[in-house]
Amino acid sequence: MSTTASDPLAALVSLPGVPDAVDSVRKAVDRVYGHRVMRRRSNEVTAEAALRGSRGSAALAGADWNLEEVRRRTDFSGEDEARTVGAALRLTAEAGQLLSVWRQSPLRVLARLHLVAAGGATPDDAVGRPRLAGEAVDEPLIEAPLPSAGEVAGRLEGLSRLIIAGGSAPALITAAVVHGELLALRPFGSHNGLVARTAERIVLIGSGLDPKSICPAEVGHAEQGRAAYVAAFESYTAGTPEGMAAWITHCGRSIELGVRESTAVCEALQRGAA
C-alpha cells in the first residue's frame, strides 16, 4: 500500500472504475435500508446477515458449510472446519462491540479479534499479538510472500495511523484497504483471513455506510469464489493503480452481493417465510 499523499486513501477514488464502484455500493445500500421491512424488523435482518456473513467468511477459510448446518450446529469444538465456523461466528458477534475502540486504537481491536478467533486453539503466548521473527503462519488460502515481522510492525503502525486520522475516503475504499493490508501482512500466526474480513465489516459499520450491519461483504466474497478472491488479492499486492482498482471493485461487488442477500431476507420476512 503506497502512501504518497497526505490523504492516500482518498487519492484512490480517482482510480479507473473506483468512482463507479463507490456509487454503485452506496445506491445498493440505500435501497436495502429503504426496504419497508427495515422499519420494523431490522434486528432480524441484522441477525440473519451476521449468520450468513459468518458462513461466507468461514467458507473462504476452508469450511464451506451449508447455511442450515451453521444455523443448526451448537458445538464448534470438534474438527478443524467446525472450529473455523465457530471462530467466524464469534468474530461477527464481537465486531459491533469494538467500534469505539477501533477509532482510537485499531491495533488493540486486531489483537482482540485474534484472541476471539483463536478461542484457545493457539498457544497462549502467540494469541493476540503480531508474530515474531521466525514464527510460522497458518493461512493456506493466501500464498503471497510473507512479510518479515519487522515489516509487519511498521505497516501495522502505518495502517493504524491512517484509521485514527480518518479522512475523506469513501467507506468502500477504507474497508478494502484495511482488508487487503491485513491479508498481505498476515500479522498473526493463524486466522488472519477471518480477522481481515471482520475488520472490513467493522469499517463498513463504523463509517456509517452500514450502521446496522445488514450488508455482509463476506457473503459476496464467498459467492464470487475463492479463486476470484485470491486473484483480486494478488492484484492488491501488485501495488499498481490497476491492481488497487481491481481489489477495490472486487470488494464493492462483494458488498453489493451481500446487499442482495439481505434484500432477499427482507422479502422473505415480508412474505412471512423467514
Quick one: sort the F188 and H114 rings into parallel, tilted or perpendicular, breaks at 30° and 60°.
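Ring orientation, 0 to 90° scale: parallel.
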Ion pair [X]/[Y], N-O distance below 4.0 Å:
| X | Y | value |
| --- | --- | --- |
| E135 | R129 | yes |
| R52 | E261 | yes |
| R73 | E69 | yes |

Starting from [Y], can I reach [X] by hopping between I/L/V/M/F/W/Y residues whose side chains sit under 4.5 Å apart?
| X | Y | answer |
| --- | --- | --- |
| V45 | L51 | no |
| V116 | L89 | no |
| L204 | L9 | yes |

Could you list the residues that satisfy side chain to side chain donor-acceptor pair (under 3.5 Å) with [X], not counting sequence neighbours?
| X | value |
| --- | --- |
| E81 | W65 |
| R31 | none |
| D20 | none |
| E151 | R155 |

Of all heavy-atom pairs between [X] and [Y], which one has the smallest distance, and what is that distance?
| X | Y | answer |
| --- | --- | --- |
| A28 | V259 | O-CG1, 3.4 Å |
| L257 | G220 | CB-CA, 3.6 Å |
| L209 | V29 | O-CG1, 3.2 Å |

CD of E256 to CZ of R26: how many Å apart, nearest 0.5 Å?
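Between E256 CD and R26 CZ, I get 12.5 Å after rounding to 0.5 Å.
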In Å, rounded to the nearest 0.5 Å, how long is the span from CG of L110 to CD1 of I163?
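Interatomic distance, L110 CG to I163 CD1, rounded to 0.5 Å: 7.0 Å.
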Is the distance between the ring centroids of H179 and Y229 under 6.0 Å?
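Yes, the ring of H179 comes within the 6.0 Å limit of the ring of Y229, centre to centre.
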By salt bridge (Lys or Arg N to Asp or Glu O under 4.0 Å) - contacts of [X] (at least two apart):
| X | value |
| --- | --- |
| R36 | none |
| K27 | D23 |
| D138 | none |
| R226 | none |

So [Y] and [X], do their side chains get closer than 4.5 Å, heavy atoms only?
| X | Y | result |
| --- | --- | --- |
| W102 | V178 | yes |
| S54 | V85 | no |
| V137 | L146 | yes |
| P170 | V13 | yes |

Among pairs that include at least one residue of [range], which meet salt bridge (charged side-chain N to carboxylate O under 4.0 Å, His left out), considering only residues two or more places apart or in two chains?
| range | result |
| --- | --- |
| residues 192-207 | R201-E218 |
| residues 93-110 | E94-R112 |
| residues 240-254 | none |

Has R41 got a side-chain atom pairing as donor or acceptor with L269's backbone, closer than 3.5 angstrom?
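It does hold such a pair.
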Do any N or O atoms from the side chain of T249 and from the backbone of A21 form a donor-acceptor pair under 3.5 angstrom?
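No: the side chain of T249 does not pair with the backbone of A21.
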For N43, what residues pass the side-chain contact (heavy atoms from CB on, under 4.5 Å) criterion, not counting sequence neighbours?
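For N43 there are no side-chain contact (heavy atoms from CB on, under 4.5 Å) partners, ignoring immediate neighbours.
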